[in-house]
Every structure is written in C-alpha cells, then in structure tokens.
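Structure first, then comments.
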Protein chains: 2
Amino acid sequence: MRWRSCGQTRLSDCVTGGPMTSNGSASLYLQVARTLQDRIATGAHPIGSLLPTEHMLAEEFGVSRQTVRQAIGHLRGMKLLSARKGVGTRVEANRPQTSYYHTLQSLQDLFQFASDAQYRVTSAEMVSVTGKEAEELGCRPGRRWLRLVGLRELPGPLGADGPLCLTTVMIDGRYADVAATPRVHTRAIFAQIEDRFGVSITEVHQDIEATVVTAEQAALLRVEPGSPALLITRRYFGSGRTLVDLSRNLHPGGRFRYAMTVRREE
Amino acid sequence: MRWRSCGQTRLSDCVTGGPMTSNGSASLYLQVARTLQDRIATGAHPIGSLLPTEHMLAEEFGVSRQTVRQAIGHLRGMKLLSARKGVGTRVEANRPQTSYYHTLQSLQDLFQFASDAQYRVTSAEMVSVTGKEAEELGCRPGRRWLRLVGLRELPGPLGADGPLCLTTVMIDGRYADVAATPRVHTRAIFAQIEDRFGVSITEVHQDIEATVVTAEQAALLRVEPGSPALLITRRYFGSGRTLVDLSRNLHPGGRFRYAMTVRREE
DNA sequence: TAGTGGTCTAGACCACTGT
DNA sequence: CAGTGGTCTAGACCACTAA
C-alpha cells in the first residue's frame, strides 16, 4: 500500500504547534521533517517500513524534491530514517533516542594522568599464553604475546610521592617490536603500535575494579600492604575486533581516582 | 586578501589520488571537499580565517553553488568548518580530529547493576549543609538538602550474597518530596526528580576511587572489614549546571566492577 | 527494465551580519 | 547598505536495486 499516493497535504495542517516552537516561520524542510516525524511517532509509518518515495512526498507536500531530501536528511541525522540507493527510505526508530555521550578527544584521555608520565619497563619477555590467560586474551593457547611489566611515574620532583601505577601490558606477538627490550616509554603502547604498524584502534574496553595491594606490589608502589587500589584493565581492539594489546594498571587508592563526565546529546 | 579570487581550478589537478581512493569516480562535491580539506591541512586557509564565499568557490571550481555547499556541509560534519549566516565560513580545525565516544542509551546505564535493584532507604533527614559538605555540593553553607542513607540490593534469592552497595544521596531541598520519608525505591532518584519536577538532567559527573570498608560499613555490606571497595560518586546536573542530586555508592570489591566501552566515531 | 535514492545545475529570494 | 550563508525550485542524469 502506498501512503497517500494522491492528494496534497497542506503543511500548516500537519505541524503541531507546541508553545515553544514558532512553527509559523520554520523552514519548509523543517515543517516537512516535523510532519514526517509525527507520522512515524504515531505509527503511520511503522518501524522497518519504507517511506513513500521522495518524489511522492514532494508531490504530496507541494514542495520540491530537494526540500523533501533536506527533511529526510534531517531525520537521518536523528537516526530516525535510513536510505539506500535503489531501495528506498526506511524507518529505523520510533522517536529520537535521547542518548548520553562521554566524549574523548583521543584515547589518551582514558589515561587520567599527566601526558608526560613515563612507563619504565623493568621486564619484557615473549611468552606463549596458556589456559586462563589465553582465554582473557581471546586467543588459542600457545599464541605468542609480549609481556611487559613496569611502573608508570611522573618525571622529576613530581614523581617523588611514588609511582602512579604498576602496569602490566600484553602485546600481540605481531607488534612485539615496539617494546621488545625493557626501556622507558613516553608514549602509550597502543599509540606506538598505531603509528608503527598502521593499525587503527577502533574500540577500547575498560574495566575498573577495587582491590588491595599485596606486599610485593606495595613495595614497588611505596604504599602500605593492604591499602586500597584501583585495578584498571584496558583492552585495545583493532579492526575486526582483534585484540591488539591489553594493559592492567594498578593505581594506589590515595594517588588516583577516575573521573568522567557524561553529557546529554546536543 | 581573497584566495584565488579569479581564475578557475580544475579539480583533477587538486585531488591527490591515494592508492585506496578511486578518485576518478568520486562525487563532484567530495572532490571539492577533498580539495578544500587539503588546502586547510596545508595552511592555505589558516584556522580562524574565513573561506572564500560559496559563490567564489563555485566559480573557481566551475561547479554550482549547491555543490560547493554540499562539500562545505561535508566538512562541517567533520568539524573542520563552521558557517554563520551573514558572515562566512570559518576554518575551525586543521585536520579531522578522531574522537572517541562512550555511548549510553540512558543514564541508567551508568549504574551497572540489574535495573530491578532496590534502594532501601533507612534514614531520610533534612539537613543544613555546612563547610566541606557545602563545598562539595557547590552551594552556600546553610542551604537545605535531604540526605538519604540506605542499601541497594537485589530482590529475592539473588540478593542472598549481600547488598550491592551502600548508598548515600544528597537531594536539593527543592526536590526533597520525592523521598521525604524512608522507603524502598525501585527507580533511580534522579529519574524520579526528572519526572516529578520536569527537571532534565543534562550532565552527570562520575568519580571512581578505591577505598577499604570500615568496620561499620562492613557490617552493613556483610563483608570483611578492610576489604576493598569502589566508591562511586555521581553528581547530576540540570540545566544551567545546577546540581540536582549527588549520590555516593560504596561497592564491595568482590561483587562489583565497572565496565565501559569506548568506540571510535564512525 | 522500471523505479529508487544520489548528485548536479542555474537560477531565485530570504534573513542575517557588519559597516 | 551590500554581501553572506540558508532555503527553495524545476528540471536533469546517474548508479544502484529488485523483479
């Protein structure tokens, strides 16, 4: 069935005039968009169905096809519609979903310490992962990964309070060259892999839990054994959801806390 | 000075043909966009400067103004350009900044426990905040807030392991009616305030730190004293960055961890 | 092959801005 | 006021999809 395949609709009949919306002077395409949005919201165009063609809508509303396209473009921006060449315009959602975003300028913002922090690697060894560790890395047992262990600390007098965290990194063997031998890193491991191998990190999974430090960890971090700490595990995924590297950061409680702000879209 | 105020530029001279980009068949507006992007990247159009007018660009490239607008719209979507009616098109950025997003369907997703968890309030008292507490709430001393103290727990047998967390909530006195007396809440406090008072939460600040539970807290949470816990503080802001409510959640380490995924835009 | 959305043009008028 | 971007039109051709 075609929706109103004939006959013309005056936009002034359709636009519901809320108290805040001065619809009288709204652009034509916004009036069209609003009308379509109302129809979608009321179920006249169910989710999954195809909208009338742009040509038909143009005829119905008595506007040019370009104006209809602008209206549809507006609703596509709101994820209410999607369009495919040769097919049509599909209804994707009932109403605009108010979602909230946590925006990062770069992945570096996941780290919440100064960008000049240094990662001093004390041990770098190639290992064949087994059992539980292979499972954590999402690979078959026997695959080779580079394991780094070290401390992250601020340079100069700022670092006098002790290390920021104790960090263990597992790097897929393919990218082991970035840190094959122990040294001091001033750039994040994932960033070095991105640059050196042209891999692009598309997704990061971060996991935060509370724990208490063991005697051994306490000595390295220069805190009391049994004191609280945040254990932050990050998994960096490249294209195809393949794990590129995994880092495990143990932050002494007193020296660190994780802050984030979430904003409503728009 | 006007940039190339006269003379025409053939697009085929401008588009740099990377190995992956089949530029030969790219849309005209994408070729224009690419050319402009190159010029911006190379500093021919410095950040903060105005682009030549749409009319001039159309003339220069030998395309219609609509096509230039499409190209500019493309770059505006990438936050490289911004446009103001009556003024012009301004260069905002050097190159596309790859930003990453953490998307939430709703603020409920900040909570990482089952949505049927109950908040059992054991104490609700109106207080006049002073000193440090007033500072935390960003208000003058003497302002009245409602303080709730209680446990969040799962209903039925799922809750047998003990409470999910020990939660203290401070509610701006204006909205105190939503929880004036101790009772069991099945919906988040902020959501009740949103519904009841028409306030809309536009921003949430979340703060995660590690701590160890005191003897008193341990008894309530049914864990060992000195065991690790996550302390999650959330500040809910309404329009104008006014604090609507603040919640402080103490999660026993073993029962809880905070997970989030960040994705590259597009 | 018929019909879709994607692109493109050459015009036109408008609201807004800065002088 | 002149000039800007924002909107709108009536055409046209194209690449793509599904029958």
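These numbers come from a predicted model, not from an experiment. In what follows, chains carry the letters A, B, and so on, assigned in the order in which the sequence lines appear, proteins first and then strands, with residues in each chain numbered from 1.
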Residue set satisfying ring-ring contact (aromatic ring centres under 6.0 Å, His included) with B/Tyr100, at least two apart, ordered chain then number -> none

Separation of C/dT4 atom P from A/Met56 atom CE, nearest Å, is 8 Å

Could you run through nucleotides 9-19 of chain C and give me one letter per nucleotide, 5' to 3': B if any protein heavy atom sits under 4.0 Å from the base, S if only the sugar-phosphate is that close, - if neither?
B--B--BBBS-

Should B/Ser27 be listed as having a side-chain N or O under 4.0 Å from OP1 or OP2 of C/dC8?
no

Atom-pair distance (CG on B/Leu57; C1' on D/dG5), nearest Å:
12 Å

First locate atom CE of B/Met260, then atom CG of B/Leu110, and finally report the distance between them rounded to the nearest 0.5 Å.
9.5 Å

To the nearest angstrom, how far is A/Arg90 atom CZ from D/dA18 atom C1'?
12 Å

Applying a 4.0 Å non-hydrogen cut-off, can you work out what B/Arg76 is touching in the nucleic acid: base, sugar-phosphate, or nothing?
sugar-phosphate

Atom NE2 of A/His55 and atom P of C/dG3 are separated, to the nearest Å, by 11 Å

Mind calculating the distance between CZ (A/Phe61) and P (D/dC8) to the nearest angstrom?
13 Å

I need the OH-C1' distance between A/Tyr29 and D/dT7, as an integer number of Å.
9 Å

Please give, in whole Å, the distance from D/dC8 C1' to A/Gln70 CD?
8 Å

Quick one: pull up OG1 in A/Thr67 and CD1 in A/Ile72 and give me the separation to the nearest 0.5 Å.
11.0 Å

Of C/dG5, D/dT7, C/dC8, the nucleotide closest to the side chain of A/Arg69 is C/dG5

To the nearest angstrom, how far is A/Ile72 atom CD1 from C/dT4 atom P?
12 Å

Return yes if a side-chain donor-acceptor contact under 3.5 Å exists between B/Asn249 and B/Ser247, otherwise no.
yes

Residue pairs meeting salt bridge (charged side-chain N to carboxylate O under 4.0 Å, His left out), one or both in residues 42-51 of chain A, sequence neighbours left out, come to none

Start with the C-alpha distance between A/Asp195 and A/Arg187, add both sets of side-chain angles, then the distance that settles salt bridge (charged side-chain N to carboxylate O under 4.0 Å, His left out), and finish with yes or no.
CA-CA 11 Å; A/Asp195 283 357; A/Arg187 294 188 61 221; 3.1 Å; yes

Using a strict cut-off of less than 4.0 Å between a Lys/Arg side-chain nitrogen and an Asp/Glu carboxylate oxygen, indicate whether A/Glu203 and A/Arg241 qualify as a salt bridge.
yes

